[in-house]
Structure formats: C-alpha cells, structure tokens
Amino acid sequence: MIDAVGAVPVAGLTVHHCDELLRSAVEGVNGRKPLHENEVRRLRSTLVAVLRNAEREQLVTRNVGEDSVLPVVNKASRENVALPVADRDRLVDATRGVSVGAVVVLCSRLALRPAEARGLRWNDIDLDAGELSVVRQMDSANKPTRPKTRRASRRIEVDDASVTLLREWRRRQAELRLSVGPMWSDHDAVVTTTVGTPFDKDNLKRSLRNACDDAGVERVTPYDLRHTALTIL
C-alpha cells in the first residue's frame, strides 16, 4: 500500500488510486511478486478498514476503498508436486512425534485428502486389523462435515509401516495430553495441535512448510502429499 499510494494524502485518495493499488498487487509491480486472489482480497479489506478509521476521525468523507473493484486474478493452477519416495520418507522421519506428522503419514502414504485427515478420529481406525474408515472431513471453518463425494466415504487398508507410524503418534499424543493436563481439548482427533484442538488448515500449511525445510525437501502443500501418495502408488 505504501509503495502504491503512500505518497498521496489520505484525504486525496480516489477510487482510481485504490484500483491502481489492487492492479499493482495482482501484476506484482515494484519488484514484488504477484499476489494470489485471497491475498488481494485481504489487501482490499485492509484498505477499506484504514479508510473506515479515517472516516471515524473525520479525515475523509467517503470510503473510496469500498468503491474499488477487485481486478481479475490469473487463476492458472499450480502444478501438483509429487515428492520422490526418498524425500517422502525423509519427511515422514522428520515429522515423527510432531503434530504435522500424522498428516504426512495419512496423506503421503495412504492418499487421504488433507480435509479427510483433519477429520479422522481414532475411532475410525482399527490398527490391529490395519484399516481405517473415511466418514467425514473438516470444512474451512474447522467443522466436521460429510466427505467430498459419496465415493469418498470408503475403507482403506493401512500398510504395516503406516500402522507403526500411527501407533507411535498415538503414544506421543497421549504423552502430550498428560503434559498439558486440563488444557487438553479432547476431540478423539488423530490430527491435533499440541493441546488436542483440530488443526486449522492454514496452520497446517505453515507447519508442513516448516517441516519440509527441516527435512531438507522441496516445500509442498498438504494436497501435494496426497498427490505424492497417488504418484508413488
């Protein structure tokens, strides 16, 4: 915002200035990378909030940010990334015993969708029989909902290595529960934070990105883990 309109007094801002700000954000001018659609929306929301405060302080009589138009964002899809087997295994090893590790196992070895992994409960898994049932997923508001499609409700065979990894995580999760005591939030969820709450999808992305850096592998998204599993299979 400072790069695009910082030299203009707030009382002198026009709709044209706001439109140019959003356009520059989409095109990535001034040496900056182009912003994604959600980032541009947040930028506009910030602009509107700033001007709303200026209205409150009687610095402006009109919130021109509210009249600005979001530019069309190029939605060219990013290619899915599939980690090689060695990198997948390196990431699995690096996340053993940490919260994001359960997602890595469920998505990169068993091909669950990230939302399905976040919605999985221990009651859905029979580690002795080596199988799990997908009966729900988590929506963007972190609330359980039905799987994506009717066919998405399914039973999955869990290989021996994945059973071992999930057993390890269950023991580690029990240790975390004891360490935090009454602060633990019990949802019977397989994928949890260190205090038992469900993993927010944005926090999951950040945790996975950090885990990739720690493991020394290419940064991937949670959905890339599923793509990795399907590619390896």
Side-chain angles (χ1 to χ4, degrees), residues 1-83 100 103 107-108 112-119 137-149 152 191 198-213 217-228 230-231:
M1 290 174 64
I2 292 173
D3 285 346
V5 296
V8 182
V10 65
L13 281 176
T14 65
V15 174
H16 175 72
H17 288 126
C18 298
D19 287 344
E20 283 299 298
L21 163 65
L22 299 176
R23 181 196 60 79
S24 66
V26 168
E27 296 179 359
V29 300
N30 298 325
R32 298 182 181 275
K33 68 177 183 179
L35 298 186
H36 298 297
E37 182 179 16
N38 287 339
E39 294 172 321
V40 176
R41 289 183 182 277
R42 287 199 296 271
L43 177 63
R44 183 178 183 274
S45 296
T46 302
L47 176 66
V48 169
V50 168
L51 293 175
R52 188 174 294 128
N53 189 61
E55 276 187 304
R56 182 181 64 81
E57 296 182 351
Q58 298 183 340
L59 298 176
V60 298
T61 58
R62 173 191 174 199
N63 191 331
V64 292
E66 292 180 335
D67 295 327
S68 62
V69 178
L70 282 169
V72 176
V73 179
N74 182 9
K75 295 185 178 180
S77 60
R78 164 187 175 273
E79 283 191 22
N80 287 328
V81 175
L83 292 174
V100 73
V103 176
C107 296
S108 74
L112 265 68
R113 296 179 176 89
E116 295 170 346
R118 292 193 300 119
Q137 66 178 25
M138 299 294 274
D139 62 17
S140 58
N142 240 25
K143 301 294 183 183
T145 185
R146 293 180 180 179
K148 185 176 181 180
T149 64
V191 177
F199 234 129
D200 175 82
K201 65 174 186 175
D202 293 327
N203 289 336
L204 175 59
K205 288 180 181 179
R206 284 190 290 270
S207 296
L208 179 59
R209 185 169 61 243
N210 293 336
C212 290
D213 292 343
V217 302
E218 180 179 0
R219 285 184 174 182
V220 292
T221 67
Y223 200 88
D224 289 334
L225 296 178
R226 170 175 161 84
H227 186 63
T228 293
L230 296 174
T231 300

*Look at atom CD of Glu57 and say whether more than 12 heavy atoms of other residues, nucleotides or ligands are closer to it than 6.0 Å.*
yes
Answer yes or no: is there a side-chain heavy-atom contact under 4.5 Å between [X] and [Y]?
X      : Y      : result
Lys201 : Met138 : no
Val103 : Leu225 : yes
Lys205 : Leu208 : no
Arg206 : Asn203 : yes
His227 : Val81  : no
Cys18  : Asp67  : no
Arg118 : Asn142 : yes
Gln137 : Thr145 : yes

*Dump the intermediate steps for side-chain hydrogen bond (donor to acceptor under 3.5 Å, both in side chains) on Arg41 and Asn38, then the final yes or no.*
CA-CA 5 Å; Arg41 289 183 182 277; Asn38 287 339; 4.7 Å; no
*Asn210 and Ser207: side-chain donor and acceptor closer than 3.5 Å?*
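Their side chains do not contain a donor-acceptor pair, so the 3.5 Å distance test is not met.
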*Is there a donor-acceptor pair closer than 3.5 Å between any side-chain N or O of Arg44 and the backbone N or O of Ser68?*
yes
_For Thr228, is there any backbone N or O sitting under 3.5 Å from a side-chain donor or acceptor partner on Ser108?_
no
[X] and [Y]: which non-hydrogen atoms are nearest, and at how many Å?
X      : Y      : value
Leu47  : Gly65  : CD2-CA, 4.2 Å
Met1   : Leu21  : CA-CD1, 3.7 Å
Val5   : His17  : CG1-O, 3.7 Å
Leu51  : Asn63  : CB-OD1, 3.3 Å
Ala117 : Val191 : O-CG2, 3.2 Å
Ala152 : Pro147 : CB-CB, 3.6 Å

For the atom pair [atom1] ([X]) and [atom2] ([Y]), what is the distance rounded to the nearest 0.5 Å?
X      : Y      : atom1 : atom2 : result
Cys212 : Leu83  : SG    : CG    : 6.5 Å
Arg219 : Arg209 : CZ    : CZ    : 5.5 Å
Asn53  : Leu59  : CG    : CG    : 8.0 Å
Thr231 : Arg226 : OG1   : CZ    : 10.5 Å
Asp224 : Glu218 : CG    : CD    : 8.0 Å

*For salt bridge (charged side-chain N to carboxylate O under 4.0 Å, His left out), just list the numbers for Glu20 and Arg23, CA-CA rounded to whole Å, side-chain angles, deciding distance to a tenth of an Å, and then say yes or no.*
CA-CA 5 Å; Glu20 283 299 298; Arg23 181 196 60 79; 2.8 Å; yes
*Any residue meeting salt bridge (Lys or Arg N to Asp or Glu O under 4.0 Å) with Asp19, in chain and number order, not counting sequence neighbours*: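 For Asp19, no residue satisfies salt bridge (Lys or Arg N to Asp or Glu O under 4.0 Å) once neighbours in sequence are set aside.
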